[in-house]
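Here the structure comes first, spelled out in structure tokens, and everything after it is commentary.
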Amino acid sequence: MNPSLSSSSSSPPSSTSASAGSWFSGVVRGRSDRAGSVKMGSDSGSGDFSGPVVRKNQFRGALFKYGPKPIQVAFKTGDYRQQVIFIGGLTDGFLATEYLEPLAIALDKEKWSLVQLLMSSSYNGYGTSSLKQDAMELDQLISYFINKEDSEGVVLIGHSTGCQDIVHYIRTNAACSRAVRAAILQAPVSDREYRATLPETAAMIDLASTMINEGRGSQLMPSEADLAPITAYRYHSLCAYNGDDDMFSSDLTDDQLRLKLGHMTNTPCQVIYSMADEYVPDYVDKKALVQRLCKAMGGAEKVEIEHGNHSLSNRVHEAVDAMIDFVKRDGPKGWDDPWN
């Protein structure tokens, strides 16, 4: 959503190697001795070092590259053939929301891996990226799981602007999109309607439109346009009426919503809407809007979380319970060849 919504999390330790005789290597050896030979994702784990989460903001899993760009890395907990892929919003990266830790634990019990990915648009990269770019990189990640890990199918979870990524990706009908067995949209809110409450937005939309009409859509806007460097195209996409990112606005007609979301009908969907979302303007009737969004998607499952904020940091367990229930019902069960 808005760039000011940034997540606070612990930074990972440096990967710099220590010499064999250093105090650090002794600590590592001691921890390794205590950990024993526990295999990630194994059924046996009942000790201190079993399961996908070691302690607050510390996950256990595999960090891997899924594409050619340096930013294209992902982190996976568990070692299963079914994956839930989390796609964050603007400014997000790893550990974007507080519900990811209990979600990883709950998914592990159901033999699912949780995957967090970095894309070109992660952190401050959203301003020079696009939904099209995100969809290409998401397709590369799913291709990795299909070809490298014999995936039985994936479920996508989008948070905030990550919801737009999912809707756009399914519309592309890319080959690997057929492996998406279900989708969860958590906080599918309108970037445009929120940004319209900011004083500088109207003038900046006019400037972005002018730059695009002059063939300068890929050039950067003035620094006051956004906290991150942002092109005229992406600013217009996020902030202008009917821009590429404008999918969940309350002033779109039912016909417009069907045009933007109707292709989701063939994918089982759950919409989780926070009824106290701080990025939804007060004038928006949230209950009516989420009903219209679900209807436009062909009858998506609706989950309203009373008093929930944008990231559901104050309703973590409600969020995880809803997601797990949906994944167990609508995710792939055993081998489900997406191309069959």
Side-chain angles (χ1 to χ4, degrees), residues 1-2 5-7 9 83-107 112 114-117 119 121-122 126 131 134 138 154-170 180-191 193-194 245 247-250 260-261 264 267-280 284 286-287 289-294 296-297 299-331:
M1 186 56 224
N2 184 263
L5 182 68
S6 57
S7 303
S9 60
Q83 298 85 23
V84 170
I85 300 174
F86 174 83
I87 306 164
L90 304 185
T91 76
D92 284 339
F94 290 144
L95 307 181
T97 66
E98 292 189 20
Y99 61 71
L100 288 177
E101 289 183 18
L103 180 61
I105 294 170
L107 287 171
W112 283 76
L114 174 65
V115 182
Q116 304 174 58
L117 80 159
M119 302 183 287
S121 61
S122 296
Y126 64 88
L131 295 178
D134 286 352
L138 178 58
V154 303
V155 172
L156 303 180
I157 296 179
H159 163 63
S160 193
T161 309
C163 297
Q164 282 116 270
D165 281 332
I166 292 176
V167 172
H168 184 83
Y169 177 65
I170 298 299
V180 177
R181 314 311 293 164
I184 298 173
L185 307 185
Q186 186 267 306
V189 303
S190 171
D191 290 274
E193 288 187 315
Y194 170 74
D245 277 273
M247 301 179 184
F248 310 119
S249 297
S250 63
K260 292 173 179 288
L261 305 175
M264 300 296 291
T267 303
C269 290
Q270 179 187 65
V271 177
I272 302 179
Y273 210 89
S274 299
M275 303 312 287
D277 195 313
E278 63 270 29
Y279 291 108
V280 179
V284 173
K286 298 180 183 68
K287 285 186 175 292
L289 176 57
V290 68
Q291 182 67 35
R292 294 178 63 221
L293 295 178
C294 291
M297 290 191 287
E301 177 179 302
K302 177 182 65 175
V303 178
E304 298 177 356
I305 300 199
E306 295 297 329
H307 311 295
N309 60 23
H310 186 65
S311 65
L312 291 175
S313 61
N314 64 339
R315 292 293 185 274
V316 167
H317 295 297
E318 289 180 51
V320 172
D321 288 347
M323 292 175 182
I324 290 295
D325 179 66
F326 179 76
V327 169
K328 289 168 66 175
R329 283 186 288 110
D330 290 291

Within this structure, what is the [atom1]-[atom2] distance for the pair [X] and [Y], rounded to the nearest 0.5 Å?
{"X": "Glu101", "Y": "Leu114", "atom1": "CD", "atom2": "CG", "value": "10.5 Å"}
{"X": "Asp321", "Y": "Ile305", "atom1": "CG", "atom2": "CD1", "value": "9.0 Å"}
{"X": "Asp191", "Y": "Asp245", "atom1": "CG", "atom2": "CG", "value": "6.0 Å"}
{"X": "Ser121", "Y": "Asp165", "atom1": "OG", "atom2": "CG", "value": "6.0 Å"}
{"X": "Leu261", "Y": "Ile170", "atom1": "CG", "atom2": "CD1", "value": "12.5 Å"}
{"X": "Phe248", "Y": "Gln164", "atom1": "CZ", "atom2": "CD", "value": "5.0 Å"}

What is the minimum heavy-atom distance between [X] and [Y], and which atoms define it?
{"X": "Gly89", "Y": "Ser160", "result": "CA-CB, 4.2 Å"}
{"X": "Gly158", "Y": "Ile166", "result": "N-CD1, 3.2 Å"}
{"X": "Ser250", "Y": "Val284", "result": "OG-CG2, 3.7 Å"}
{"X": "Met264", "Y": "Ala183", "result": "CE-CB, 4.4 Å"}
{"X": "Asp92", "Y": "Ala96", "result": "CG-CB, 3.6 Å"}
{"X": "Leu312", "Y": "Ala319", "result": "CD1-CB, 3.5 Å"}

Are [X] and [Y] side-chain neighbours, meaning at least one heavy-atom pair lies under 4.5 Å?
{"X": "Leu185", "Y": "Cys269", "value": "no"}
{"X": "Met323", "Y": "Ile272", "value": "yes"}
{"X": "Tyr169", "Y": "Ile87", "value": "no"}
{"X": "His159", "Y": "Ser311", "value": "yes"}
{"X": "Thr91", "Y": "Tyr126", "value": "yes"}
{"X": "Thr97", "Y": "Phe86", "value": "yes"}
{"X": "Tyr194", "Y": "Val189", "value": "no"}
{"X": "Leu103", "Y": "Ile324", "value": "yes"}

Say whether, by atom type as modelled, one donor and one acceptor occur between the side chain of [X] and the main chain of [Y] under 3.5 angstrom.
{"X": "Glu278", "Y": "His310", "result": "yes"}
{"X": "Gln116", "Y": "Leu95", "result": "yes"}
{"X": "Gln291", "Y": "Lys286", "result": "no"}
{"X": "Asn314", "Y": "His307", "result": "yes"}
{"X": "Ser274", "Y": "Asn309", "result": "yes"}

Query raised in the report: Given Leu138 and Leu156, is the side-chain contact (heavy atoms from CB on, under 4.5 Å) satisfied, shown in steps?
Result: CA-CA 10 Å; Leu138 178 58; Leu156 303 180; 4.1 Å; yes
Query raised in the report: Which residues satisfy the side-chain hydrogen bond (donor to acceptor under 3.5 Å, both in side chains) test with Ser122, sequence neighbours excluded?
Result: none
Report summary line: Hits for side-chain hydrogen bond (donor to acceptor under 3.5 Å, both in side chains) against Gln270, two or more places apart or cross-chain, chain-then-number order -> Glu301
Requested in this report: Would you sort out whether Val155 and Trp112 count as a side-chain contact (heavy atoms from CB on, under 4.5 Å), showing the intermediate values?
Outcome: CA-CA 10 Å; Val155 172; Trp112 283 76; 3.8 Å; yes
Requested in this report: Report the C-alpha distance between Val327 and Ile184 in whole Å, list the side-chain angles of each, state the deciding distance to 0.1 Å, and finish with yes or no for side-chain contact (heavy atoms from CB on, under 4.5 Å).
Outcome: CA-CA 9 Å; Val327 169; Ile184 298 173; 4.2 Å; yes
Query raised in the report: Does a side-chain N-to-carboxylate-O contact under 4.0 Å join Glu304 and Arg315?
Result: no
Query raised in the report: Out of Thr161, Leu293, Leu131, which residue meets the side-chain contact (heavy atoms from CB on, under 4.5 Å) rule with Met247?
Result: Leu131
